[in-house]
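Data block below; observations after.
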2 protein chains.
Amino acid sequence: MSLPRAKLVKNFPGCPVEATLTYLDGKWKGVILFHLMEGTLRFNELRRKLPAVTQRMLTKQLRELEESGLVSRTVYPVVPPRVEYAMTPLGMTLKPVIQALAAWGDAYVFCSPEGRELRLASDGLRAPVAALEA
Amino acid sequence: MSLPRAKLVKNFPGCPVEATLTYLDGKWKGVILFHLMEGTLRFNELRRKLPAVTQRMLTKQLRELEESGLVSRTVYPVVPPRVEYAMTPLGMTLKPVIQALAAWGDAYVFCSPEGRELRLASDGLRAPVAALEA
DNA sequence: GTACGTAGTACCCAAAAGGATACTGTAAAT
DNA sequence: ATTTACAGTATCCTTTTGGGTACTACGTAC
């Protein structure tokens, strides 16, 4: 549930790329993992790092990451409530993946001046590999 | 368009992970890139590698990848039509990313016997990092 | 003269993902 | 007495995504 892609494994026979993407899929999972890689965070600390996320969405994404076993949720029974989110050891194994994603993003993606769109660096790299010859 | 996430860059201030995921997002992009990394493929060759994809979906995903500049589409004006899809040089820069995704998938994701679900390897790695102490 | 393979479109529909808004309860701070 | 911070839920609604089916054109093979 909440992972419709996961139900379709048979569709990507043996494709480990899609398998991994299944777990990263969700609008905020990338950023969340990115921040949690640096250390444990409380719910609202995370929220402050994601200016535009709603509580509902943040909760949803975190619950999915928890269900996947990538992130742990620790509730301290105090008041006001204190809930800490941290990477699990399994989640930590994603570090190279997150780093690769981050490195590529840093190198090739930039925002348009207005900050509303993503663009890829096209510096000569964008030409097709094969030219059409007669 | 077709990249709603892209419109929300301001939501992930400077998060290069989400930036990259924006381009990999789409149900078949992962597998498509995975296969094209190995070499140029014609439309139906690709289709045969993705048993469950519909023509409509395959076309859509390919067009999006083309629009991003990651994949090139070369039409040979012959009949029957011949259309070749290949990675662009820019697309090739994704190789380390695809490899990292594939490596993690190989190492940690396995399919349930019925082949209908994805599971993560939980071999002791799933325990939370921080134990709750009083 | 019918079927097949090529690379698609067009149209419609269902499911999933995401967003807006309002609400909860407790304790401390003002 | 009111407000603030905390960590959420609940409800409703819109957008996005993905899937199903049928259709196209052309030339070759049977």
Side-chain angles (χ1 to χ4, degrees), chain A residues 1-12 18 21-32 40-67 71-86 132, chain B residues 1-12 18 21-32 40-67 71-86 132:
Chain A
M1 48 211 70
S2 79
L3 288 177
R5 246 174 172 169
K7 295 176 197 149
L8 296 162
V9 189
K10 60 175 190 309
N11 297 339
F12 326 109
E18 279 296 338
L21 286 176
T22 295
Y23 292 96
L24 301 182
D25 199 34
K27 190 160 170 199
W28 308 90
K29 295 204 186 139
V31 228
I32 292 173
T40 299
L41 288 172
R42 298 180 56 174
F43 184 82
N44 275 356
E45 284 175 331
L46 209 38
R47 195 142 88 101
R48 274 175 229 120
K49 303 211 179 236
L50 276 41
V53 78
T54 61
Q55 275 182 315
R56 180 174 121 58
M57 266 301 123
L58 184 52
T59 306
K60 246 185 108 192
Q61 301 291 294
L62 285 167
R63 292 293 148 86
E64 288 180 18
L65 288 169
E66 194 196 355
E67 214 198 304
V71 161
S72 69
R73 175 170 178 271
T74 311
V75 182
Y76 296 88
V78 296
V79 55
R82 173 187 190 84
V83 179
E84 285 187 353
Y85 290 92
L132 174 144
Chain B
M1 51 209 67
S2 79
L3 288 176
R5 246 175 174 167
K7 295 175 196 148
L8 297 162
V9 189
K10 60 175 190 307
N11 297 340
F12 326 110
E18 280 296 337
L21 286 177
T22 295
Y23 292 95
L24 301 182
D25 200 32
K27 190 160 171 199
W28 307 91
K29 295 205 186 136
V31 227
I32 293 173
T40 299
L41 288 172
R42 298 179 57 173
F43 185 82
N44 275 357
E45 284 176 331
L46 209 39
R47 197 141 86 100
R48 274 175 228 119
K49 304 211 180 237
L50 274 44
V53 79
T54 62
Q55 274 182 318
R56 181 173 123 54
M57 266 301 124
L58 184 53
T59 305
K60 246 185 108 191
Q61 301 291 292
L62 284 168
R63 291 294 147 85
E64 287 180 19
L65 289 169
E66 194 196 354
E67 213 197 304
V71 161
S72 69
R73 175 171 179 271
T74 311
V75 181
Y76 297 88
V78 296
V79 54
R82 173 185 190 84
V83 179
E84 286 187 353
Y85 291 92
L132 173 145

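All chains are named by letter (A, B, ...) in the order of the sequence lines, taking the proteins before the strands, and each is independently numbered beginning at 1.
- Look at CD on Glu18(B): it is 15 Å from P on dA17(C), rounded to the nearest Å.
- Atom CE of Met57(B) and atom C1' of dT9(C) are 13 Å apart (whole Å).
- Partners of Arg82(B) under the salt bridge (charged side-chain N to carboxylate O under 4.0 Å, His left out) rule, at least two apart in sequence or in another chain, are Glu84(B).
- Proximity of Gln55(A) to Phe43(A): side-chain heavy atoms (C-beta onward) are separated by under 4.5 Å at one or more points.
- As rounded to whole Å, 14 Å separates atom C1' of dG8(C) from atom CG of Leu46(B).
- No side-chain heavy atom of Lys27(B) sits under 4.5 Å from any side-chain heavy atom of Met57(B).
- Taking atom NZ of Lys60(A) as the reference point, atom C1' of dT11(D) lies 14 Å away to the nearest angstrom.
- In this structure, NZ of Lys29(B) is placed 13 Å from C1' of dT16(D), rounded to the nearest angstrom.
- Between the side chain of Lys29(A) and the backbone N or O of Asp25(A) there is at least one donor-acceptor pair closer than 3.5 Å.
- Using a 4.0 Å cut-off, some side-chain N or O of Trp28(A) falls inside it from OP1 or OP2 of dG19(C).
- Of all the heavy atoms in Arg73(A) and Tyr85(A), the pair that sits closest is NE-OH, 3.2 Å.
- Using a 4.5 Å heavy-atom threshold, the side chains of Leu46(A) and Val53(A) count as separate.
- Look at NZ on Lys27(A): it is 14 Å from C1' on dA16(C), rounded to the nearest Å.
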What protein N or O atoms touch nucleotides 4-10 of chain D N or O atoms at under 3.5 angstrom, if any, and at what distances?
{"from": "dC6(D)", "atom 1": "OP1", "to": "Arg48(A)", "atom 2": "NH2", "distance (Å)": "3.0"}
{"from": "dC6(D)", "atom 1": "OP2", "to": "Asn44(A)", "atom 2": "ND2", "distance (Å)": "3.1"}
{"from": "dC6(D)", "atom 1": "OP2", "to": "Arg48(A)", "atom 2": "NH2", "distance (Å)": "3.0"}
{"from": "dC6(D)", "atom 1": "O5'", "to": "Asn44(A)", "atom 2": "ND2", "distance (Å)": "3.4"}
{"from": "dC6(D)", "atom 1": "O3'", "to": "Arg42(A)", "atom 2": "NH2", "distance (Å)": "3.1"}
{"from": "dC6(D)", "atom 1": "O3'", "to": "Pro81(A)", "atom 2": "O", "distance (Å)": "2.9"}
{"from": "dA7(D)", "atom 1": "OP1", "to": "Arg42(A)", "atom 2": "NE", "distance (Å)": "3.0"}
{"from": "dA7(D)", "atom 1": "OP1", "to": "Arg42(A)", "atom 2": "NH2", "distance (Å)": "3.1"}
{"from": "dA7(D)", "atom 1": "OP1", "to": "Val83(A)", "atom 2": "N", "distance (Å)": "3.2"}
{"from": "dA7(D)", "atom 1": "OP2", "to": "Asn44(A)", "atom 2": "N", "distance (Å)": "3.0"}
{"from": "dA7(D)", "atom 1": "N7", "to": "Gln55(A)", "atom 2": "NE2", "distance (Å)": "3.1"}
{"from": "dG8(D)", "atom 1": "OP1", "to": "Arg63(A)", "atom 2": "NH2", "distance (Å)": "2.8"}
{"from": "dG8(D)", "atom 1": "OP1", "to": "Arg73(A)", "atom 2": "NE", "distance (Å)": "3.3"}
{"from": "dG8(D)", "atom 1": "OP1", "to": "Arg73(A)", "atom 2": "NH2", "distance (Å)": "2.4"}
{"from": "dG8(D)", "atom 1": "OP2", "to": "Tyr85(A)", "atom 2": "OH", "distance (Å)": "2.8"}
{"from": "dG8(D)", "atom 1": "N7", "to": "Gln55(A)", "atom 2": "OE1", "distance (Å)": "2.8"}
{"from": "dG8(D)", "atom 1": "N7", "to": "Gln55(A)", "atom 2": "NE2", "distance (Å)": "2.6"}
{"from": "dG8(D)", "atom 1": "O6", "to": "Gln55(A)", "atom 2": "OE1", "distance (Å)": "2.6"}
{"from": "dT9(D)", "atom 1": "OP1", "to": "Arg63(A)", "atom 2": "NH1", "distance (Å)": "2.7"}

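- The interatomic distance linking Leu41(B) (CG) with dG8(C) (C1') rounds to 17 Å, in whole Å.
- The distance from atom CG of Asp25(B) to atom P of dT17(D) is 8 Å, rounded to the nearest whole Å.
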